[in-house]
A.B. asks: 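My structure is below; once you've seen it, I'll send some questions.
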There are 2 protein chains.
Amino acid sequence: MSSASPPKTDRSTEIARSLRDDIVAGRLLVGDRLPSEAELAEQYGVSRPTVREALKRLAAQSLIRSRRGATGGAFVNHLSYEAAHGQQITTSTLLLSMNAIPLETACEARFAMERACAPLACARRTSAHLDTMRAELARQSDAQLSDEAFCASDVAFHRALVDAAANPVLSYQLAGAVEAMQPLMNMITFTARDRARIAALHRAVTDAVEAQDAAACDAALTALERYTVELAGAVMARRAAKAPAQPGS
Amino acid sequence: MSSASPPKTDRSTEIARSLRDDIVAGRLLVGDRLPSEAELAEQYGVSRPTVREALKRLAAQSLIRSRRGATGGAFVNHLSYEAAHGQQITTSTLLLSMNAIPLETACEARFAMERACAPLACARRTSAHLDTMRAELARQSDAQLSDEAFCASDVAFHRALVDAAANPVLSYQLAGAVEAMQPLMNMITFTARDRARIAALHRAVTDAVEAQDAAACDAALTALERYTVELAGAVMARRAAKAPAQPGS
DNA sequence: GGTGTTTATTTGTCAGACAATTGACTGTCC
DNA sequence: GGACAGTCAATTGTCTGACAAATAAACACC
């Protein structure tokens, strides 16, 4: 029953999964050195290029890092928040762009999670967080700011809010949600009035966090969500009006 | 300035990044076929194995899929929720296990996000969701259940709760948080009394969802979080007592 | 004892080859 | 003319063997 079935998957995929299981299950610990490519090739009964493809798969997920030289080899990576973060953003961005997700759905998810952070942020915010939020607020009032920079500032503002919750796991999760939406937001051209209103809502959030008023913060975020959806809806409607239903082929 | 600096990264890493950028930026759309490996090798001025390593990196992130045969090749993948999900779980699991995250922090993040789903779940739950939750509740009352199966049922219960919010983006995010914690929870041996109490709290959550009472649901989840942390804390303390501070090397 | 050099090990890359798979083309038979 | 089978070409999957580059340890030399 073991060798009867022709392997449906590639050898390199199998090997990668085998090694990944070893890492996830703790049979290979952080910092451990994997056998050399030649040894792995012999162990699995394949050639070195095949092993290398498997290792590259793991490297793509930041599970291992490779160094060459006498004491080189592949080492089990310490998955930092930063690396996890980066993958989270890539995955979330693609998920959003490839699945025709209504902006409303994405917004809802994002603000739901952000509201989850709010009580913690209110309880634990430091002056550093407040300073960051106020600094971004100031930038957002600058009429010279490009739309892209405005969106970037928006992201920075919300990141500061999330970080104020002082829970790295939450920060990591939210980073994906917030930053993945930036490309979507970048498609919006903001009028001066839009910006003023968004900044005002941001100010309400900041004030609530400073006052450690979780309920007010929640309300401000809810209002911000509603306005964001409204704005985006208007943009989409305008775009749809300009390029009406795909002409049939 | 272009060729002066010796490339610090591998060629295969560069190629992978180049192709990934093409995908993320939309220059390659879902379903598009990439050039064949031989063509890519020529384009980038490298050999085919190097191209293959790059492609394997992208495959590891579910960005492409490969098929062989006359019309085969590498195609830009449609990133399904399922695939994103799987990566999310792997990443989150590793992040939790490798960063010595206090269980309290992980719990806090998870329940914060789950509470974020609660109002939506209350508003939108269908009878199917309620049925699933009640079915898992029934399983959890079975004294014959192993600890692993109990944990698995716990995960299934919370997944049903999250899915009831009817927001796929939220489901995808939460799946990582909930399932990544399962290995941690599996380390806990539950007494009959623990199980009874957890089941009771689950019942309270279910009743609140059925009654569409968001406040009660929030309260029940908060109580559940507190009890989970308490339980885990007791386990950790017992373990620490048995194996006191690492003896110096 | 300190310093510079050699050397062994390991990854990164290349070239060429063959097997396996799969769709498309083609020719035959009804 | 149409259905069916065989052949073919394109492409990925894998192997072999080789060389280059990096790197730390061992070693020779002063």
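All heavy atoms count here, side chains included; hydrogens, waters and symmetry mates do not. Every chain is numbered from 1 and lettered A, B, ... according to where its sequence line falls, protein lines coming before strand lines. Only a predicted model underlies this, so the values are computations on that prediction, with no experimental measurement involved.
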A.B. asks: Among C:dA24, C:dG12, C:dT10, which nucleotide has an atom closest to any side-chain atom of A:Ser36?
C.D. replies: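 Among C:dA24, C:dG12, C:dT10, the one nearest the side chain of A:Ser36 is C:dT10.
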
A.B. asks: Thinking salt bridges, do A:Arg110 and A:Glu114 make one under a 4.0 Å N-O criterion?
C.D. replies: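 Salt bridge present between A:Arg110 and A:Glu114.
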
A.B. asks: What is the distance, rounded to the nearest whole Å, between atom CZ of B:Arg11 and atom P of D:dA22?
C.D. replies: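 Rounded to the whole Å, the gap is 15 Å.
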
A.B. asks: Kindly indicate whether the side chain of B:Leu19, heavy atoms from C-beta on, has any atom under 4.5 Å from the side chain of B:Tyr44.
C.D. replies: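 The answer is yes; the side chains approach within 4.5 Å.
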
A.B. asks: Starting from P on D:dT16, measure out to CZ on A:Arg52 and report it in whole angstrom.
C.D. replies: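 Computing the A:Arg52:CZ to D:dT16:P distance gives 16 Å.
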
A.B. asks: Which whole-number value in Å describes the distance from B:Ile64 CD1 to D:dT12 C1'?
C.D. replies: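 Whole-Å distance recorded here is 11 Å.
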
A.B. asks: Are the side chains of B:Val76 and B:Leu34 in contact, using a 4.5 Å heavy-atom criterion?
C.D. replies: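 A side-chain contact exists here, since the closest heavy-atom pair is under 4.5 Å.
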
A.B. asks: CG of B:Leu34 versus C1' of D:dT12: gap in Å, rounded?
C.D. replies: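 Value for this atom pair: 13 Å.
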
A.B. asks: So which one's nearest nucleotide on DNA chain D is more toward 5', A:Val51 or A:Ala70?
C.D. replies: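 Nearest-nucleotide comparison on DNA chain D picks A:Val51.
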
A.B. asks: Might you work through the side chain to side chain donor-acceptor pair (under 3.5 Å) test for A:Thr105 and B:Asn167, ending with a clear yes or no?
C.D. replies: CA-CA 6 Å; A:Thr105 304; B:Asn167 184 316; 5.1 Å; no

A.B. asks: Side chain of A:Glu37, heavy atoms from C-beta onward: which of C:dG12, D:dG13, C:dG23 has the nearest atom to it?
C.D. replies: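 Closest nucleotide to the A:Glu37 side chain: C:dG12.
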
A.B. asks: Calculate the interatomic distance between B:Leu55 atom CG and D:dT14 atom P; express it in whole Å.
C.D. replies: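 Spelled out: CG on B:Leu55 to P on D:dT14 is 13 Å.
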
A.B. asks: Write down the distance between CG (A:Asp10) and P (C:dA19), rounded to a whole number of angstrom.
C.D. replies: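 Result: 19 Å.
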
A.B. asks: Round to a whole Å and report the spacing from CZ of A:Phe75 to P of D:dT23.
C.D. replies: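 Whole-Å distance recorded here is 12 Å.
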
A.B. asks: So, OP1 or OP2 of C:dC14: does either fall under 4.0 Å of a side-chain N or O from B:Ser47?
C.D. replies: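 Answer is yes, contact under 4.0 Å.
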
A.B. asks: A:Ser153 pairs by side chain to side chain donor-acceptor pair (under 3.5 Å) with which of A:Glu136, A:Arg139, A:His158?
C.D. replies: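 When side chain to side chain donor-acceptor pair (under 3.5 Å) is applied between A:Ser153 and each of A:Glu136, A:Arg139, A:His158, only A:Glu136 qualifies.
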
A.B. asks: Return whichever of A:Thr13 or A:Arg67 has its heavy-atom-nearest nucleotide of DNA chain D closer to the 5' end.
C.D. replies: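 Per heavy-atom nearest nucleotide, the more 5' residue is A:Thr13.
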
A.B. asks: Quickly work out the A:Tyr44 OH to D:dG13 C1' distance and round it to whole Å.
C.D. replies: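 Between C1' of D:dG13 and OH of A:Tyr44: 19 Å.
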
A.B. asks: Just to confirm, is there a sub-4.0 Å distance from OP1 or OP2 of D:dG13 to any side-chain nitrogen or oxygen of A:Ser12?
C.D. replies: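 So the side chain of A:Ser12 is outside the cut-off, no N or O lying under 4.0 Å from OP1 or OP2 of D:dG13.
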
A.B. asks: Is there a donor on the side chain of A:Arg48 or the base of C:dT13 sitting less than 3.5 Å from an acceptor on the other?
C.D. replies: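 Such a pair is found, so the answer is yes.
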
A.B. asks: With sugar-phosphate meaning primed atoms plus P, OP1 and OP2, does B:Arg65 contact a base, only sugar-phosphate, or nothing at under 4.0 Å between heavy atoms?
C.D. replies: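 The answer is nothing, as B:Arg65 stays clear of every strand by at least 4.0 Å.
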
A.B. asks: For D:dA10, take OP1 and OP2 only and decide whether either is under 4.0 Å from a side-chain N or O of B:Arg68.
C.D. replies: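 No, outside the criterion.
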
A.B. asks: Return no unless some side-chain N or O of B:Thr50 is found under 4.0 Å from OP1 or OP2 of C:dC14.
C.D. replies: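 Answer is yes, contact under 4.0 Å.
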
A.B. asks: In terms of side-chain heavy atoms of B:Lys56, which of D:dG13, D:dA24, C:dG12 is nearest?
C.D. replies: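 The answer is D:dG13, which lies nearest to the side chain.
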
